[in-house]
Amino acid sequence: MIINLEYFAFFVLLLAALLLSIKEMSIALDEVDVERFTLWTGVASVIAGLPIILW
């Protein structure tokens, strides 16, 4: 039971981080900052791939 709650908490944390990085990507696009957009795209890609890598 506790292990399931830990997995749930981990995935909720990953989802929050992914949503934050997507918001930062949007802000970078609004400011036409290509370097920052590229950075946040990379961060979002790593976060999105973590569940598959760790599974």
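Numbering of residues begins at 1 and proceeds along the displayed sequence. Values below: all heavy atoms of this structure, side chains included; hydrogens, waters and symmetry mates excluded. Just so it is clear, the model here is predicted, and its values are computed rather than measured.
No more than 12 heavy-atom neighbours from other residues, nucleotides or ligands sit within 6.0 angstrom of CD1 on Ile52. More than 12 heavy-atom neighbours from other residues, nucleotides or ligands sit within 6.0 angstrom of CD on Glu31.
To the nearest 0.5 Å, the span separating CD on Glu24 from OG1 on Thr41 amounts to 11.5 Å. How far CZ of Phe11 is from CG of Leu50: 9.5 Å, rounded to the nearest 0.5 Å. Of the inter-residue distances, the one linking Ile27 atom CD1 with Phe37 atom CZ reads 12.5 Å to the nearest 0.5 angstrom.
Looking at every heavy atom in both residues, Met25 comes nearest to Ala44 through SD-CB, 4.1 Å. The shortest heavy-atom contact between Ile47 and Ser21 is CD1-OG, 4.4 Å. Closest non-hydrogen pair, Leu14 versus Pro51, comes out as CD1-CG, 3.7 Å.
Under a 4.5 Å side-chain heavy-atom criterion applied to ILVMFWY residues, the cluster that includes Val12 comprises Phe8 as well.
Taken together through direct or relayed side-chain contacts under 4.5 Å among Ile, Leu, Val, Met, Phe, Trp and Tyr, Ile22 and Leu15 form parts of separate hydrophobic clusters. Residues Leu39 and Leu19 fall into different hydrophobic clusters, defined by Ile, Leu, Val, Met, Phe, Trp and Tyr side chains chained together at heavy-atom separations under 4.5 Å. Cluster annotation: Leu20 and Val43 are assigned to distinct hydrophobic clusters (Ile/Leu/Val/Met/Phe/Trp/Tyr, side-chain heavy-atom contacts under 4.5 Å, transitive).
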